[in-house]
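Protein chains get the first letters and strands the later ones, always in sequence-line order, with residue 1 at the start of each.
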2 protein chains.
Amino acid sequence: MIDSTSPDRHEAIGVVLRACEGQLEVLLTSGALPGATLASREPLEAALARAVDVSALAHVEQLETLVLSDCALATAYLGLVPVERAPAGDWRPVGSLPRLAADHAALVLAARTRLRAKLSYTNVGFALAPATFTISELREIYTAALEHDVSATNLQRVLVRRRVLERADGRRAPGRTGGRPAALFRFRLGRLEVTDEFAALRPPR
Amino acid sequence: MIDSTSPDRHEAIGVVLRACEGQLEVLLTSGALPGATLASREPLEAALARAVDVSALAHVEQLETLVLSDCALATAYLGLVPVERAPAGDWRPVGSLPRLAADHAALVLAARTRLRAKLSYTNVGFALAPATFTISELREIYTAALEHDVSATNLQRVLVRRRVLERADGRRAPGRTGGRPAALFRFRLGRLEVTDEFAALRPPR
DNA sequence: GCAAAAGTGTTGTGTCTACACCCATGT
DNA sequence: ACATGGGTGTAGACACAACACTTTTGC
């Protein structure tokens, strides 16, 4: 029997997101966010790896640790993956989720908020995009992740000015309806980088 | 005896900062960051409150959960307090800390980084400043927290434009050496508010 | 030629830093 | 008067959104 000073159960939970066809989707397992309980002396990431195929993810970061309604602790992680590399599973649009535990719903919201914020001051989009892409394709990904419309023109200018994107070789042939062939781009870096560190109160020159 | 599937010890750790005489200081307890081990079914904040006088703090937010070198888990919190309300204790300038455990040193660094980032896009300065203050006094606080020089002129303009600061009644009488009496200001809000949400990729009008 | 899609030029707006200058007080 | 610290005016740099316009393709 566990006495009153023994620690509680601790769970690692993954909120894994992808941008698919203009919609942000979250991966569910048996109708809930995937999670695993920590074994003794097990690192958090190891437990997370038992719940989610972490090696497939392009970016993982910790969200927060909270006390669940049953008094167990849970540490939640945000995972991002491009559709092309996304593992098979029960992907659900974040806008129309089935009924989740209150904690899980809050975590999905925290993940969406975190992603939205980081898209505007980091290069985290790399983790949702394929190796190369057109600006139109990237626009669809950003639209899904930001959950508001994005102009392709300005998206290109902002990301190129910040040196987040660079040209890749080649062009994408137009579809049957014609149109100018689109240039291919890629993210300059495949890991997280802060690109707009100080909005104000920069250090003096 | 604890078997191999029983959970590990979990600690709540506080990284409490204040800005004192142009220096950012952290509160130590017995030469280390204050911490307390969670009892069974105890909320994280309750354990933190046993280690730190949370009620004195003007702002508290979770930093991260990590695995300590002894395999125990720890959830760290950032706490901010104005010097005037700061509890007595072993306050040390962050620039010249005694030798700390590697985990604790990393947490202090994480706290400094978090504070610096949030100062530039939120009103979090309220948690380091007294109820009313002159721009010069606030400049000293920002200089300490940002760890770089700050122009009083621009500080005032940025914070007033963003409606983070507002005028308070009265003026501060000049010192013995003369000078124009300084206007008093106060933070418009006493809780965290994001003031510069989207640096780029704003939603369309 | 015409529609469609991609991409560039340009303008206007807002926010920031830097610095010159003016203001109000003590001695 | 003059030194001292407080505060404003203003100019220049930059980043951004919006939108008109040009380019390149399929049919």
With under 30° as parallel and over 60° as perpendicular, where do the rings of A:F133 and A:F187 fit, or are they tilted in between? tilted

Separation of [N] [atom2] from [X] [atom1] (nearest whole Å):
{"X": "B:E197", "N": "C:dT15", "atom1": "CD", "atom2": "P", "value": "15 Å"}
{"X": "B:L138", "N": "D:dG6", "atom1": "CG", "atom2": "C1'", "value": "15 Å"}
{"X": "A:F133", "N": "C:dA6", "atom1": "CZ", "atom2": "P", "value": "14 Å"}
{"X": "B:L165", "N": "D:dG6", "atom1": "CG", "atom2": "P", "value": "16 Å"}
{"X": "B:R172", "N": "D:dG6", "atom1": "CZ", "atom2": "P", "value": "11 Å"}
{"X": "B:N154", "N": "D:dG12", "atom1": "CG", "atom2": "P", "value": "17 Å"}
{"X": "A:L155", "N": "D:dA15", "atom1": "CG", "atom2": "P", "value": "17 Å"}
{"X": "A:L159", "N": "C:dG7", "atom1": "CG", "atom2": "P", "value": "14 Å"}

Counting C-beta onward and ignoring hydrogens, is there a side-chain heavy-atom pair between [X] and [Y] closer than 4.5 Å?
{"X": "B:L63", "Y": "B:Y77", "result": "no"}
{"X": "B:V52", "Y": "B:P34", "result": "yes"}
{"X": "B:I13", "Y": "B:H104", "result": "yes"}

Residues that A:E61 engages under salt bridge (Lys or Arg N to Asp or Glu O under 4.0 Å), provided they are two or more places apart: A:R114, A:K118

Electrostatic pair B:E25:B:R92 at N-O distance under 4.0 angstrom: no

Anything under 3.5 Å between a protein N or O and an N or O of nucleotides 25-27 of chain D, put it in a table, one pair a line.
unit_1	atom_1	unit_2	atom_2	d
D:dT25	O2	A:G179	N	2.8
D:dG26	O4'	A:G178	N	3.3
D:dG26	O3'	A:R176	O	2.6
D:dC27	OP1	A:R176	O	3.0

Base, sugar-phosphate or nothing for [X]? Non-hydrogen atoms, less than 4.0 Å.
{"X": "B:A183", "value": "sugar-phosphate"}
{"X": "B:S136", "value": "sugar-phosphate"}
{"X": "B:A173", "value": "nothing"}

Determine whether a donor-acceptor pair (one donor, one acceptor, N or O, separation below 3.5 Å) exists between the side chain of A:R157 and the base of C:dT10. yes

Which value, rounded to the nearest 0.5 Å, describes the distance between A:L44 atom CG and B:L66 atom CG? 8.5 Å

Please confirm whether the shortest side-chain N or O distance from A:Q156 to OP1 or OP2 of C:dA6 is below 4.0 Å. no

Apply side chain to side chain contact (heavy atoms under 4.5 Å, CB included) to A:L159 and A:L138, showing your working. CA-CA 11 Å; A:L159 296 184; A:L138 189 63; 3.7 Å; yes

Looking at residues 123-131 of chain A, who's got a heavy atom less than 4.0 Å off DNA chain D? none

Test side-chain hydrogen bond (donor to acceptor under 3.5 Å, both in side chains) applied to B:R139 and B:T134, B:T153, B:D149, the passing residue: B:D149

